[in-house]
Amino acid sequence: MKQLVILGAGTAGTMVANRLRRTLADDWRITLVDQSETHYYQPGFLFIPFGIYSQRDVVKPERDFVPPGVEFVVSPIELIEPERRRVRLSKDGRSLDYDFLVIATGTHIRPDQTPGLAEHEWRRSIFDFYTLEGAVALAKHLRIWKGGRLVVNVVDNPIKCPVAPLEFLMLADWFFRERGMRDRVELIYATPLSGAFTKPIAAKHLSNLLQEKEIQVVPDFMVERVDPDAKKLISYDEQEVAYDLLVSVPLNMGAEVIARSGLGDSLNYVAVDKHTFVSPKYPEIFALGDAAALPTSKAGSVAHFAVECFAENFVHYVEGLEMPHKFDGHANCFIESGFGKALLIDFNYDVEPLPGHYPLPGIGPLTLLKESEANHWGKLMFRWVYWHVLLKGRPLPLPALMSMAGKWQHN
Amino acid sequence: MIRSIAGQTVHVNEEGFLTASEEWTREIAEEIAREEGIAELTPAHWKVIEWCRAHAVNGRSPTLRQITEGTGISTKEMFALFPKGPAKKVARIAGLGKPEGCV
């Protein structure tokens, strides 16, 4: 009997369990471990503060997505012991031996890493929307907020879903206009980046859009601490940004168990080969999804495309064969821009997001880097696709590797 | 693109970063530093520049977090030495590509 242990039952871990249960023979035992019994549709958190989604839209029991033939264990993870090929769990002192290990423990916000953030004003005048509790608390607050300076601040990169802060601001613009109070709200984006986004062509398109929506960008702002009483952000170079309502994207870090087990970098992400996800130190350990230290976005779409490559490679790898696919860092993200519209970006390790069209079999082309209603419907439809197709590892008509078809390049 | 810095002809990208780090010299660093508003490179600046050159991966400079952890220089000092975006500024002065952290 061969043992595969998957740590983390989020987007990547659940997909791996489904894909590999189908392709691995019956002499493989597959165990999936997570500390929570609940699966969250994390892309939906963004919509909760504005009352578009509620809690019940983004939560389902994980067991609904665990296929027969996979054991699901609910327990915190105590330690990974790579030299002994063993994982120790907190619950009942149980340990799991493995032949192969997939680490998919994700990334989490750490407001505790910025002084002043998670103190007495946390969830009073300082909020997050990267947790369900945070998004729900912010929804309640926005319903009664009278207006003022709303500052969205990213503490440091990388963050999960790097476009979400921009989407939040554009949805906020729409939300306050609909409520007839946009003139009483200032929208400010304080970011450590030099502009609205990381890649130059997309940054230009997005900064034009922010300007149209009267959203002010404060670039090169690296926050050191928050003064929750004076209500201001203070940067390492003593710049100050005042707020009435702070929506923070705190420092993102991988799971603590990664650090405890000596497997992480300074942010607790696992170093792996960017094309195959195998650890350079332990050939039986892989890391997928947000837990992996990869030079691409931490996003569900990356996890999806990565798992497709990984699952096909893995069956060759365990037979001692060369892995046939090389992951290219493909990411594909809808960017909600308010008023029933959205943009779409599609990129990889080497090609930045470009304008043009994205061919989608059965539905038709979607516009890239440009607002459209079809993109918005695509984003909303995606929730259904996520629960019913993606998590269960069923095939989607989307290529795992990026294609240049429809993209415009200048030369 | 090709441009001349400190009397040398070097290859740069649209943002003014050297694309071939072996073309870099200390004189080039001094001239780029002046363009970035740093009048003089002190031993503290050089410590960071040399550490980054020694720890570049595929020609890309380390991230700010990697620099502070690797050199023991605090984030605050980094902002004092290389105002505004320290990691990006060091990368340019050190003749390296932008850090890969921002994706």
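Order of the sequence lines sets the chain letters (A, B, ...), proteins ahead of strands, with each chain counted from 1. Remember, predicted model here, so these are calculated numbers, not experimental data.
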Next on the checklist: Does A/D350 have more than 12 heavy atoms from other residues, nucleotides or ligands lying within 6.0 Å of its CG?
Outcome noted: yes
Next on the checklist: With side-chain hydrogen bond (donor to acceptor under 3.5 Å, both in side chains) as the test, pick out the partner of A/S194 among B/K98, B/K88, B/E15.
Outcome noted: B/K88
Give, for atom [atom1] of [X] and atom [atom2] of [Y], the distance between the pair rounded to the nearest 0.5 Å.
{"X": "B/F79", "Y": "A/E224", "atom1": "CZ", "atom2": "CD", "result": "9.5 Å"}
{"X": "B/E69", "Y": "A/S266", "atom1": "CD", "atom2": "OG", "result": "4.0 Å"}
{"X": "A/D237", "Y": "B/K76", "atom1": "CG", "atom2": "NZ", "result": "8.0 Å"}
{"X": "A/S235", "Y": "B/K84", "atom1": "OG", "atom2": "NZ", "result": "8.0 Å"}

Item to check | From CA spacing to verdict: side-chain contact (heavy atoms from CB on, under 4.5 Å), A/L251, B/R65 | outcome: CA-CA 12 Å; A/L251 184 68; B/R65 188 167 292 272; 3.4 Å; yes
Checklist entry - Given a strict heavy-atom distance threshold of 4.5 Å, which part of A/D156 is in contact with chain B: side chain, backbone, both, or neither? => result side chain
